[in-house]
Amino acid sequence: MRHVSHAPDPILQAEIGRYIVAWYRAGHRDLPWRRTTDPYRIWLSEAMCQQTRVETAIPYYERFLALFPTVADLAAADLDSVLAAWAGLGYYSRARNLHAAASEVVRRHAGVFPDTVEALMALPGIGRYTAGAVASIAFGRPAPIVDGNVRRVLCRLFALEGDPSRPPLDGILWEVAAALVPTDAPGDFNQGLMELGARTCAPRSPACGACPVAARCGALRLGRVAEIPSARARPPAREVERVGLAVRDASGALLMARRAPRGLLGGLWELPGGDLEAGEAPPEAAARLAEGSLALAGGALEARGRVEHRFTHLRMVLWVLEAPAARGVAPSPFGGYDALAFLGPPARGAVALSALALRSLHLLGEPDGHERARRTGPP
DNA sequence: AATTCGGGGAT
DNA sequence: ATCCCAGAATT
């Protein structure tokens, strides 16, 4: 039920804009990308922050810029090194698209970043949100943005009911955001909306007493702050079961496989393996892959344990089995892989390993393996 | 319009 | 355990 008028009157719009900008300028988090207007850096920060907490992204941002200081450096890098710098952040299509977009900026835009929403959205990985963020923050254009924070703030401010991440409310929010963004300070306004959502208008127990627009907040007036916005509907996580094979060369280096550069964990390296087929037990699947895909000579595989990993949309169980010897390993990739190589810990440090792969390495006692998440950011 | 993409921190 | 995070691409 959306009986509230969606377009606030112009006077109220201007008032809200001024309050948000003034509140933002009076004090905000000192984030590294707020010390620059370099569109490359703004773009990188926006890509890293997609579906990712700001605090998580910061160390990756610093390390990534140290490795690839300019868009030309990024375009010239190979995808393995870009993904290695991204490893642990998740949603790896962001890194693949970032790399592809850098090439386009260099090749098609002569290394100069496009400065309009339309041109920005033509680059891979840049959607409506990121285009608006770069256009407003780096170039001062009055483009609206709607992210998770803005959705929550605007839904509460105008008491909009429904699922804000889906039509029709999704479109309404873009209209409201476009009506609100001021022409004189679009970057500070947009960042102020996000800052407000992150620090004050929090999902649970918001600090309405510290909110600059609390006096205008429809949800607060109606006593429905806790109910607005409604939770996003999520399908139940599906179950996936895989086996991974530990195969060593004479030096003890593990055979690693690189997943094809699309889909789940695309471009990342892991223990070679595959999904269980219907009705198949882990040892059977491991034997099938060892003898068929890897052409390993006989010898029983030894179970080394299992690693369980939860993604947002799936729950994966990985059974790890070790081959006693590495005789007759096929050099050619199989299944969904596009490369195979024996990599010891030093070589693995130069490529991208998923959190799941790191946990499987930990299971094998490898020094670069991890039981849980790193707390200190990338290596 | 609905799914598919990671991973972790807060509650 | 559940929610959600400075979303975008694909189907």
Side-chain angles (χ1 to χ4, degrees), chain A residues 28-29 31-34 42-61 83 86-98 100-101 120-134 136-137 144-153 163-171 173-174 177 187 190-199 202-205 229-238 240 259 261-268 309-316 352-359 370 372-378:
Chain A
H28 53 70
R29 293 171 294 177
L31 308 177
W33 46 86
R34 286 179 174 167
I42 302 298
W43 168 49
L44 177 64
S45 74
E46 296 301 341
M48 283 190 164
C49 285
Q50 287 167 16
Q51 296 297 289
T52 305
R53 293 174 190 284
V54 163
E55 302 75 33
T56 302
I58 289 175
Y60 285 88
Y61 173 86
L83 284 170
W86 203 274
L89 263 185
Y91 286 157
Y92 297 95
S93 65
R94 293 184 293 173
R96 301 194 298 267
N97 285 329
L98 200 72
L120 287 163
M121 283 187 69
L123 294 170
I126 298 189
R128 198 172 178 184
Y129 164 78
T130 303
V134 174
S136 64
I137 298 170
I145 59 164
V146 175
D147 74 330
N149 291 308
V150 175
R151 271 198 275 278
R152 187 170 53 255
V153 170
D163 185 339
S165 63
R166 297 203 305 204
L169 186 49
D170 175 58
L173 288 170
W174 279 97
N190 283 339
Q191 292 188 85
L193 270 185
M194 293 191 287
E195 183 89 359
L196 188 61
R199 286 175 43 201
R204 283 184 281 260
S205 57
S230 60
R232 180 182 199 154
R234 284 182 207 287
R238 67 177 192 275
V240 178
R259 300 173 71 108
R262 318 191 124 198
L264 183 69
L265 303 175
L268 275 70
H309 193 68
R310 323 168 48 107
F311 302 85
T312 298
H313 61 298
L314 62 87
R315 179 194 309 262
M316 186 178 290
L353 302 172
S354 68
L356 176 62
L358 288 170
R359 293 172 64 186
H370 283 267
R372 301 187 316 180
R374 290 190 181 93
R375 291 176 171 276
T376 53

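These values consider heavy atoms only, across backbone and side chains, with no hydrogens, waters or symmetry-generated copies. Letters A, B, ... mirror the listed sequences (proteins, then strands); counts begin at 1.
Counting any heavy atom pair closer than 4.0 Å across all strands shown, Trp86(A) reaches no nucleic acid atom. When heavy atoms are screened at a 4.0 angstrom cut-off, Pro235(A) is found touching no nucleic acid atom at all. Among the heavy atoms of the strands lying under 4.0 Å from Leu265(A) are primed sugar atoms or P, OP1, OP2 only; no base atom is included. Here Thr130(A) lies in heavy-atom contact (under 4.0 Å) with sugar-phosphate atoms only. Nucleic acid contact class of Ala133(A) (heavy atoms, under 4.0 Å, all strands): none. Among the protein residues, Gly263(A) comes within range of the sugar-phosphate backbone only, with heavy atoms under 4.0 Å from sugar or phosphate atoms but none that close to a base. Counting non-hydrogen atoms under 4.0 angstrom, Tyr91(A) reaches a base of the nucleic acid. Arg29(A) comes within contact range of at least one nucleobase, with a heavy-atom separation under 4.0 Å.
When the nearest nucleotides of DNA chain B are assigned to Arg166(A) and Ser93(A) by heavy-atom distance, the more 5′-ward of the two goes with Arg166(A).
Remark: the Arg53(A) side chain and the dC4(C) base include a donor-acceptor N/O pair separated by less than 3.5 Å. A donor N or O paired with an acceptor N or O is not found under 3.5 Å between the base of dG7(B) and the side-chain atoms of Thr52(A). Residue Thr312(A) places a side-chain atom within donor-acceptor reach of the base of dG6(B), judged by atom type and a 3.5 Å distance cut-off alone.
Comparing dT11(B), dG7(C), dC4(C) against the side chain of Arg204(A) picks out dT11(B) as the nearest.
Checking side-chain atoms of Arg232(A) against main-chain N and O of Asp163(A) turns up no donor-acceptor pair under 3.5 Å.
For the C1' atoms, the distance from dC5(B) to dC5(C) is 15 Å, rounded to whole Å.
Taking atom CG of Leu196(A) as the reference point, atom P of dA6(C) lies 13 Å away to the nearest angstrom. Spacing between atom CD of Gln51(A) and atom P of dG7(B) amounts to 14 Å, rounded to whole angstrom units.
Legend: residues meeting side chain to side chain donor-acceptor pair (under 3.5 Å) with Thr130(A), ordered by chain and number and at least two apart, are Gln50(A).
Checked against the 6.0 Å centroid threshold, Tyr61(A) and Trp33(A) count as a close aromatic pair.
One side chain, Asn190(A) or Ser136(A), offers a donor N or O that lies under 3.5 Å from an acceptor on the other. With 3.5 Å as the limit, one finds no donor-acceptor pair spanning the side chains of Thr312(A) and Arg234(A).
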Sub-3.5 Å pairs of nitrogen or oxygen atoms, protein against nucleotides 9-11 of chain C:
unit_1: dA9(C); atom_1: OP1; unit_2: Gly125(A); atom_2: N; d: 2.5

